[in-house]
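Have a look at the structure below before the remarks.
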Amino acid sequence: VYEIHFPDATSNKDFVYYGHKKINYYLCKYLRLGNYISRENKPALDYIKHFGAKFHRPVQIGKYGGIFIPFILEYVTR
């Protein structure tokens, strides 16, 4: 999932609701998701942490050397 976008979300509460549904959909389909979030994007890091993301050591990416934190989400049966 490169970017999470919800045109129906009109508030933070909506974003959390739709985000949870979208992430669960992709986790059920692929069992494992991963991506990178900028170290400076604290709201995104906090948001994905609520889904049980496992974070890895920050890495430098790109021409200008931005620092990004890789994360993995894994499907968990309950």
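Keep in mind the model is a prediction, meaning the values are calculated, not measured.
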Students often mix this up, so state it plainly: with edges at 30° and 60°, are the rings of Tyr47 and Phe51 parallel, tilted or perpendicular? perpendicular
Would Ile72 end up clustered with Tyr26 when hydrophobic side chains under 4.5 Å apart are linked, directly or stepwise? no
Cluster overlap Val59 with Ile37, hydrophobic side-chain contacts below 4.5 Å: no
Out of curiosity, Lys54 NZ to Lys49 NZ, how far, rounded to the nearest 0.5 Å? 13.0 Å
Pair Asn24-His20, side-chain donor/acceptor within less than 3.5 Å: yes
Same apolar cluster (I L V M F W Y, side chains within < 4.5 Å links), Leu33/Tyr25: yes
Mind checking the CD1-CZ spacing from Ile61 to Phe68? Nearest 0.5 Å is all I need. 5.5 Å
So which atom in Arg57 and which in Pro70 form the shortest heavy-atom distance, rounded to 0.1 Å? O-CD, 3.3 Å
Hey, does Ile23 have a side-chain heavy atom less than 4.5 Å from the side chain of Leu27? yes
Starting at CD1 of Ile69, measure out to CD1 of Ile67 and round the result to the nearest 0.5 Å. 9.5 Å
Would a 4.5 Å heavy-atom cut-off, applied to side chains only, mark Leu45 and Phe55 as touching? yes
